[in-house]
K.L.:
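Submitted below is the structure of interest, expressed as structure tokens.
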Amino acid sequence: MSKSNFATIKQIGYGAMGLEGYYGESDDSVAVETLVHAIEQGMMIDTADAYGAGHNEDLISKAIQRTEQKAFVATKFGIVFEEQQTGSTLDTGWGFPLTINGTKEYVARAIDNSLERLGVEQIDLLYAHYLDPNVALEETVQAMAEAVKAGKVKAIGLSNVTAEQVLRANEIHPIAAVQYEYSLFRREAETDILPAVNQIGAALVCWSPLGAGFLTGEVKELDANDFRNNNPKMQGDNFATNLERLEEIKKIAVEYDITPAQLALAWLVAQGDNIIPIPGSRKTSRIDENLAALQVTLSEETLAKLNEIAPIGAFKGATLV
């Protein structure tokens, strides 16, 4: 990947979506403290304008004001969350559709709104959260490129896309990063997305690097209002079967005297220096625990064993966009 885009940050970033209560209640004051800690540890802060309908970016703005450390902020646009805005319906497979808008007018408006909410003059990394199925990729990416030219955005990326879309977009403007779900829990990115990312020299930013918390080994059951109930891998018999497989991974963590989460993150980091996991947490102690995974070196024997335990498709349940 281009080192210049990510030279100032650690290889493990921070995903801020969880601060909006998707995995349980979150307190704003604690959220800001957590964000300040992540910024001061040199982590990329990952957000989106749709998280909390702009509230997540507001929290990050407050955190930026609380520290002298320069924040590296990556945000996304595309999911329509304002009633007066329209777009295309996209089925996510998560039990609910999303409305997506990728027109050049919407992109320009979304960027200006994010800049205002974040309270920054330039967005370090801007992603198209999802591509609009009824708008040409070229229109959306060109609008993002124009924001770079205008100095509003430093680098651009894509999220939840295909390998073919990555390569097409890169012909219009260099794609610095692709965000996609990637972990021991879901390794399908290795089939086509990761090769495309490597081909263009971009970073693969891994959302849900701990399998939405599953790989921590602490998720035994879910509350009724938990967002993860929509994940087929955490439903019914799939959940029980997957927990059994996880026991084998936990045994390896014990051998290294680390947590299962640290093992999962260390495994991702070992896949290449262009792999940037972005686990989320509401606790500063968890952030420190996650960063400690950067000090873990897994042996070739261990990496081979993990490949045997958790190859592509090993964890039961459909994979979603």
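The model shown is predicted, which means the values in this text are computed figures rather than measured ones.
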K.L.:
In terms of hydrophobic clustering (I, L, V, M, F, W, Y; side-chain heavy atoms under 4.5 Å; direct or indirect links), are Val254 and Leu246 co-clustered?
P.N.:
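Different hydrophobic clusters.
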K.L.:
State whether the number of non-hydrogen atoms from other residues, nucleotides or ligands found under 6.0 Å of Glu105 atom CD is greater than 12.
P.N.:
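Count over threshold, so yes.
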K.L.:
Check for me, please, whether Leu306 and Leu294 land in the same ILVMFWY cluster - side-chain distances under 4.5 Å, paths through other members count.
P.N.:
yes
K.L.:
Keeping the roles fixed (side chain from Asn242, backbone from Lys233), state whether a donor-acceptor pair exists under 3.5 Å.
P.N.:
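Pair found, side chain donor or acceptor close to backbone of Lys233.
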K.L.:
Taking side chain to side chain donor-acceptor pair (under 3.5 Å) as the definition, give me every residue that meets it alongside Glu248, ordered by chain and number, with sequence neighbours left out.
P.N.:
Lys251
K.L.:
Please round to the nearest 0.5 Å and tell me the distance separating atom CD of Glu82 and atom CD of Gln85.
P.N.:
5.5 Å
K.L.:
Does His55 have any side chain to side chain donor-acceptor pair (under 3.5 Å) partners at least two apart in sequence or in another chain, and if so, which?
P.N.:
Glu20, Asp28
K.L.:
Within a strict 4.5 Å, meaning less than it, do heavy atoms of the Phe77 and Met144 side chains meet?
P.N.:
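They are in contact (side-chain heavy atoms under 4.5 Å apart), so the answer is yes.
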K.L.:
Could you check Ile172 against Leu137 for side-chain contact (heavy atoms from CB on, under 4.5 Å), going step by step and ending with a plain yes or no?
P.N.:
CA-CA 10 Å; Ile172 303 166; Leu137 172 152; 3.8 Å; yes
K.L.:
Any side-chain heavy atom of Ile64 sitting closer than 4.5 Å to one from Val73?
P.N.:
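Yes, their side chains come closer than 4.5 Å.
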K.L.:
Counting only N and O atoms by type, is there a donor-acceptor contact under 3.5 Å from the side chain of Asn160 to the main-chain atoms of Tyr130?
P.N.:
no
K.L.:
Say whether, by atom type as modelled, one donor and one acceptor occur between the side chain of Asn56 and the main chain of Gly52 under 3.5 angstrom.
P.N.:
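Such a contact is absent between Asn56 side chain and Gly52 backbone.
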K.L.:
State yes or no: do Val141 and Val135 share one hydrophobic cluster built from I, L, V, M, F, W and Y residues joined by side-chain heavy-atom distances below 4.5 Å, directly or via other members?
P.N.:
no
K.L.:
May I ask you to test the Leu35-Lys62 pair for a side-chain heavy-atom distance under 4.5 Å?
P.N.:
no
K.L.:
Does Ile309 offer a backbone N or O that forms a donor-acceptor pair with the side chain of Arg245 under 3.5 Å?
P.N.:
yes
K.L.:
If you group Ile, Leu, Val, Met, Phe, Trp and Tyr by side-chain heavy-atom gaps below 4.5 Å, do Leu303 and Leu210 land in one group?
P.N.:
yes
K.L.:
Could you give me the CA-CA distance, side-chain angles and deciding distance for Met43 and Ile12, then say whether side-chain contact (heavy atoms from CB on, under 4.5 Å) is met?
P.N.:
CA-CA 7 Å; Met43 304 173 83; Ile12 292 178; 4.2 Å; yes
K.L.:
Linking I/L/V/M/F/W/Y whenever any side-chain heavy atoms sit under 4.5 Å apart, do Leu167 and Leu158 land together?
P.N.:
yes
K.L.:
Just how far is it from atom CG of Asp273 to atom CD of Gln11, taken to the nearest 0.5 Å?
P.N.:
6.5 Å
K.L.:
Taking the side chain as every heavy atom from C-beta outward, state whether Ile100 and Ile79 have any pair of such atoms under 4.5 Å apart.
P.N.:
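Yes, side chains in contact.
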K.L.:
Going by the rule salt bridge (Lys or Arg N to Asp or Glu O under 4.0 Å), which residues pair with Arg286 if we only count those two or more places apart in sequence or in a different chain?
P.N.:
Glu218, Glu289
K.L.:
Which heavy atom of Val161 sits nearest a heavy atom of Ile193, and at what distance?
P.N.:
O-CD1, 3.1 Å
K.L.:
Of all residues at least two apart in sequence or in a different chain, which pass the ring-ring contact (aromatic ring centres under 6.0 Å, His included) check with Phe185?
P.N.:
Phe214, Phe315
K.L.:
Crowded around Gln84 CD? As in, over 12 foreign heavy atoms under 6.0 Å?
P.N.:
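Buried by this count: over 12 neighbours within 6.0 Å.
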K.L.:
Show every ring-ring contact (aromatic ring centres under 6.0 Å, His included) that has at least one partner inside residues 274-300, sequence neighbours left out.
P.N.:
none
K.L.:
Taking Lys10 for the side chain and Gln41 for the main chain, is one N or O donor matched with an acceptor at less than 3.5 Å?
P.N.:
yes
K.L.:
Apply salt bridge (Lys or Arg N to Asp or Glu O under 4.0 Å) to Lys305 and Glu308, showing your working.
P.N.:
CA-CA 5 Å; Lys305 191 172 183 179; Glu308 292 177 4; over 6 Å; no
K.L.:
Is the closest side-chain heavy-atom distance between Thr89 and Asp91 below 4.5 Å?
P.N.:
no
K.L.:
Report yes if some heavy atom in the side chain of Val120 is under 4.5 Å from a heavy atom in the side chain of Leu115; otherwise report no.
P.N.:
yes
K.L.:
On a heavy-atom basis, which atom in Asp49 and which in Thr75 lie closest, and how many Å separate them?
P.N.:
N-OG1, 3.7 Å
K.L.:
Tell me whether Asp27 is salt-bridged to Arg282, with the criterion being a basic N under 4.0 Å from an acidic carboxylate O.
P.N.:
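The answer is no: the pair does not qualify as a salt bridge.
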K.L.:
What closest approach, in Å, do Gly102 and Val107 show between heavy atoms, and which atom pair accounts for it?
P.N.:
O-CG2, 3.9 Å
K.L.:
With sequence neighbours left out, write down each residue that passes ring-ring contact (aromatic ring centres under 6.0 Å, His included) with His129, or none if nothing qualifies.
P.N.:
Tyr51
K.L.:
Restricting to pairs with a member in residues 193-202, which pass salt bridge (Lys or Arg N to Asp or Glu O under 4.0 Å), not counting sequence neighbours?
P.N.:
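Residue pairs with at least one partner in residues 193-202: there are none.
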K.L.:
Once rounded to the nearest 0.5 Å, what's the spacing between atom CG of Asn101 and atom OG of Ser88?
P.N.:
7.0 Å
K.L.:
Mind checking whether Phe6 and Asn274 have side chains closer than 4.5 Å, heavy atoms only?
P.N.:
no
K.L.:
Is there a side-chain contact between Met44 and Val205, using heavy atoms and a 4.5 Å cut-off?
P.N.:
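Side-chain contact under 4.5 Å: yes.
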K.L.:
Determine, step by step, whether Thr241 and Asn238 satisfy the side-chain contact (heavy atoms from CB on, under 4.5 Å) criterion, reporting the C-alpha distance in whole Å, the side-chain angles of both residues, the deciding distance to 0.1 Å, and the verdict.
P.N.:
CA-CA 5 Å; Thr241 300; Asn238 287 342; 5.8 Å; no
K.L.:
Tell me the ring-ring contact (aromatic ring centres under 6.0 Å, His included) pairs involving residues 249-306, sequence neighbours left out?
P.N.:
Tyr182-Trp267
K.L.:
For Asp124, enumerate each residue passing the salt bridge (Lys or Arg N to Asp or Glu O under 4.0 Å) test, keeping only those at least two apart in sequence or located in another chain.
P.N.:
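By the salt bridge (Lys or Arg N to Asp or Glu O under 4.0 Å) rule, Asp124 matches Lys70.
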K.L.:
Applying side chain to side chain donor-acceptor pair (under 3.5 Å), which residue pairs with at least one partner in residues 137-150 are found, sequence neighbours left out?
P.N.:
Glu138-Arg168
K.L.:
Could you grab the distance from atom CD of Gln179 to atom NZ of Lys76, nearest 0.5 Å is fine?
P.N.:
4.5 Å
K.L.:
Taking all heavy atoms of Ser281 and all of Tyr14, pick out the closest pair and write down the distance.
P.N.:
O-OH, 2.5 Å
K.L.:
Tyr106: which other cluster members, linking ILVMFWY side chains closer than 4.5 Å, directly or transitively?
P.N.:
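Tyr106 shares its hydrophobic cluster with Val80.
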K.L.:
Applying side chain to side chain donor-acceptor pair (under 3.5 Å), which residue pairs with at least one partner in residues 110-121 are found, sequence neighbours left out?
P.N.:
Glu57-Ser114, Glu57-Arg117, Asp112-Lys152
K.L.:
Return the CD1 to CD1 distance between Ile45 and Ile60, rounded to the nearest 0.5 Å.
P.N.:
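With rounding to 0.5 Å, CD1 (Ile45) is 6.5 Å from CD1 (Ile60).
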K.L.:
Any chance you could lay out the side-chain contact (heavy atoms from CB on, under 4.5 Å) test for Leu194 and Ile275, step after step, and finish with the verdict?
P.N.:
CA-CA 9 Å; Leu194 186 53; Ile275 306 295; 3.7 Å; yes
K.L.:
For Ile249 versus Leu263, what's the shortest heavy-atom pair and its separation?
P.N.:
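The answer is O-CD2, 3.4 Å.
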K.L.:
Rounded to the nearest 0.5 Å, what's the gap from OG1 on Thr162 to OH on Tyr180? Could you check?
P.N.:
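Here the rounded value is 8.5 Å.
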K.L.:
How close do Val219 and Gly213 get, heavy atom to heavy atom, and via which atoms?
P.N.:
CG2-O, 3.3 Å
